[in-house]
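Hydrogens, waters and symmetry mates are skipped; everything else that's a heavy atom, side chains included, is used.
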Amino acid sequence: MTFFDWVLDHPVGALVVACEIAFWVFLAAAVAARYVLGRRRLSTVLLLCEPAIEVVLLVATVGDLVSGSEPTWTHGLAAVYLGYTVAFGRWTVEKVDAWVAWRFFDGPRPPRAPKRGRAALRHEWRLWLRVVLAWAVACGILGVLALIASAPEQRAVLAGWAGRATLVMVLWCVFGPVWQLFTDGDEPDRAELQRGEPRRTEPDRPDAARGDVRPGPVT
């Protein structure tokens, strides 16, 4: 089977690949317009095309089932991809923009993700909340596609993708924030220790009790 035959047999899958390519093409064009050409307005317009890609994929996926096609793994993949882009699309754009500004145009260095302590735990929980959002969007789209599907076995195909998305969400939680919590999540941040008052190594007491007798005033 050639690539073109695969595209004809799996149009939704081919559209998912095309949308992923288009996402990075528009992102690269927006970054170049902003930093190379100095066209911030053009850069904003190019970035606004990113949500339009998602809308095209959603309409095409739903329309393919409405036209009578049977649900396949490509429809489930499209739903999961849409969930990912909703949850991580803007986050990815911000990360790439900050990295390019620092690496090539003397911008400030992007802050690195914390590795230990409470800051790392908060970071892991925030990432997992994005995963939950991706899961909710994907399962919502899969639910809509299941309503369009006519046969129980077709709904089972979509339900399988909902199960995979749920498994990813649970595993991310276990090996992300929960793992961080049980390893070093209770350790305070170094920045918090630096901002806080220094710990006392001994209780407060008069100088004489410590043997540090200062001379009194000369009379």
Whether over 12 other heavy atoms sit under 6.0 Å from Trp161 CH2:
yes
How are the rings of Phe88 and Tyr84 set to each other: parallel, tilted or perpendicular (split at 30° and 60°)?
parallel
Interatomic distance, Glu153 atom CD to Glu70 atom CD [nearest 0.5 angstrom]:
7.5 Å
Donor-acceptor check, side chain of Thr74 to backbone of Val12, threshold 3.5 angstrom: yes or no?
no
Do Trp128 and Glu124 get their side chains close enough for a donor-acceptor pair, meaning under 3.5 Å?
no
Common cluster, Val45/Val93, ILVMFWY with side-chain heavy-atom separation under 4.5 Å
no
CG (Leu77) and CG (Leu57) are apart, to the nearest 0.5 Å, by 9.0 Å
Separation between CD1 (Ile53) and CG (Leu15), nearest 0.5 Å, reads 10.0 Å
Please say whether more than 12 non-hydrogen atoms of neighbouring residues, nucleotides or ligands are located less than 6.0 Å from CD in Glu94.
yes
Would the number of heavy atoms belonging to other residues, nucleotides or ligands and lying under 6.0 Å from CZ of Phe105 be above 12?
yes
As an exercise, state the distance from CG of Leu145 to CG of Leu158, rounded to the nearest 0.5 Å.
5.5 Å
When you look at CZ of Arg103, are more than 12 heavy atoms from neighbouring residues, nucleotides or ligands closer to it than 6.0 Å?
no
For Arg39, does the CZ atom sit with more than 12 other heavy atoms under 6.0 Å from it, leaving out its own atoms?
no
